[in-house]
Amino acid sequence: MAYWLMKSEPSVYSIDDLERDGSTDWTGVRNYQVRNMFRDEFRIDDSAFFYHSSCAQPGIVGLMTVSGLARPDAGQFDPQSDNFDVRAQHDKPVWLSVEVRFRQKFAAALTLDELRRHAELEDLALLRRGNRLSVMPVTPAEWRFMLGLARRKK
DNA sequence: GCCAACGTTGGC
DNA sequence: GCCAACGTTGGC
């Protein structure tokens, strides 16, 4: 079972939106590395941190479970969609999404600022200089440690 | 296949 | 709004 961190701008889609919806298709990914992770590595019941980016207080705000394997992101076929891609054919999609299910919203966010303070997380992909991927792996050790930090804040 | 220009991300 | 960093594009 793998662990992930997935970023979303709360002004677009937040943890509260996911709690309301129960589950959602994680769409709009337009990066080949992330697409390949969706296709090759994401499995049902994998766990993921929900990360709020591009906002006043960036950080991890809750937990999700992968509930659906990679499938074509519908937006790529729709000329009206921001996610439209002229190269995409229905039998030859370019972009994929996965389905995630709401698990938990943390009582207090685990902020980016706080994550940076721990030597245990110095190799965390999120904290690596210049990393702009919107989805990235988390090691089991990192996951355990971060979960501990989040629980301690309650 | 190189690499400069361009676009995007995302923290600040 | 700025800008560092990096992925992508496209001319050659």
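When each of A:Phe106, A:Phe102, A:Trp4, A:Trp26 is tested with A:Phe50 by the rule ring pair (Phe, Tyr, Trp, His ring centres under 6.0 Å), just one qualifies, namely A:Trp26. The only option from A:Glu99, A:Arg101, A:Arg103 that meets the side chain to side chain donor-acceptor pair (under 3.5 Å) definition with A:Ser67 turns out to be A:Glu99.
Between A:Arg117 and A:Asp113 there is a salt bridge, since a side-chain N of the basic residue sits under 4.0 Å from a carboxylate O of the acidic one. Using a 4.0 Å cut-off between a side-chain N of Lys or Arg and a carboxylate O of Asp or Glu, A:Arg35 and A:Asp73 do not qualify as a salt bridge.
A donor-acceptor pair under 3.5 Å is formed between the side chain of A:Asp46 and the backbone N or O of A:Ala2.
Side-chain heavy atoms closer than 4.5 Å link hydrophobic residues (I, L, V, M, F, W, Y) into clusters, and following such links, even through other members, never connects A:Tyr32 to A:Met136. No single ILVMFWY cluster, assembled from side-chain heavy atoms under 4.5 Å apart, contains both A:Phe77 and A:Val29.
Backbone-only engagement by A:Arg116 is indicated by non-hydrogen atom pairs under 4.0 Å involving sugar-phosphate atoms exclusively. Within 4.0 Å (heavy atoms only), A:Glu9 reaches no atom of the nucleic acid at all. Nucleic acid contact class of A:Arg30 (heavy atoms, under 4.0 Å, all strands): none.
At its two ends the helix from B:dG1-C:dC12 to B:dC12-C:dG1 runs along axes set 10° apart, each axis drawn from five pairs and the angle rounded to 10°.
Think of the region where chain A sits on DNA chain B: with heavy atoms and a 4.0 Å cut, that region ends 5' and 3' at B:dG7 to B:dC12.
With 3.5 Å as the limit, one finds a donor-acceptor pair spanning the side chains of A:Trp95 and A:Asp85.
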